Amino acid sequence: MTDTVTIRRATAADAQAVGAVFDAAVRAGWAYLGELAQSPMFGPEEWDREVADHAPPNVLLVATDAAGAVVGFVAAHPPDGELYLLFVDPAAAGRGVGRRLLDAAHDALRDAGCGEAFLYTHEQNERALAVYRAAGYRPDGTVRESDFRGVALRELRLVKPL
């Protein structure tokens, strides 16, 4: 599939497709959030805002299939080196889409002069932890704790030299 996938900067027209990928990925991978993971967490206007907020110098890239459908996305913040979001539609998972998106985000961070990337991911998200570990990310010991709609979350900070 990776040979039929195109990586490009997201446009305003992609916002709702980005939200749909997020919702599908969360339903499939975040069972530890219980019922919260089963319905959309964010409304259409929030996805419009998310895409707009990732105009340069920030980065929001989408992966599209041969038909032009969005099958994944990644967001990064070059001013501080943060890899902010990475999600792939479960129907496209396991085919290298996430790796291509991750590589493209790393390239964007490097191009902006970042020598290191960091991210936060849920401690319970074993699939994401495995993906990031395989890409060279390592925990630095920082933990961020929060409450998301009544669910306590622990997020591990992972770092990777670029």
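Remember, predicted model here, so these are calculated numbers, not experimental data. As a basis for the values below, the full set of heavy atoms in this structure was taken, side chains included, without hydrogen atoms, waters or symmetry mates.
In terms of modelled atom types and a separation under 3.5 Å, the side chain of Arg100 and the main chain of Val5 share a donor-acceptor contact. Side-chain atoms of Gln16 come within 3.5 Å of backbone N or O of Pro44 as a donor-acceptor pair. Side-chain atoms of Lys160 come within 3.5 Å of backbone N or O of Ala135 as a donor-acceptor pair. A donor-acceptor contact shorter than 3.5 Å is absent between the side chain of Asp23 and the backbone of Ser39. Looking only at distances, a side-chain donor or acceptor of Glu46 sits under 3.5 Å from a matching main-chain atom of Gly43.
A salt bridge links Asp103 and Arg99; the closest N-O separation between the charged side-chain nitrogens and carboxylate oxygens is under 4.0 Å. With respect to the salt-bridge test (charged N to carboxylate O, under 4.0 angstrom), the residues Arg9 and Asp14 do not qualify.
In this structure, Leu129 CG and Gln124 CD are separated by 9.5 Å, a value rounded to the nearest 0.5 Å. Within the model, atoms CG of Leu119 and CD of Glu82 stand 8.0 Å from one another, a figure rounded to the nearest 0.5 Å. Taken to the nearest 0.5 Å, the CZ atom of Phe148 stands 8.0 Å off from the CG atom of Leu153. Note that the CG atom of Leu85 and the CG atom of Leu61 stand 11.5 Å from one another [nearest 0.5 Å]. Here the CZ-CG distance, from Phe73 to Leu101, works out to 9.5 Å after rounding to the nearest 0.5 Å. Distance check: Trp30 CH2 to Met41 CE gives 5.5 Å after rounding to the nearest 0.5 Å.
Taking the six-membered ring for Trp and the full ring otherwise, the centers of His77 and Tyr120 sit at least 6.0 Å from each other.
Under the 30°/60° scheme for interplanar angles, the aromatic rings of Tyr32 and His122 are found to stand perpendicular.
Residue Arg157 is tested with Thr121, Thr142, Asp140 for a side chain to side chain donor-acceptor pair (under 3.5 Å); the sole match is Asp140.
More than 12 non-hydrogen atoms from other residues, nucleotides or ligands lie less than 6.0 angstrom from CZ of Arg8. By the neighbour-count criterion of 12 heavy atoms within 6.0 Å, atom CD of Glu126 is sparsely surrounded, having that number or fewer from other residues, nucleotides or ligands.
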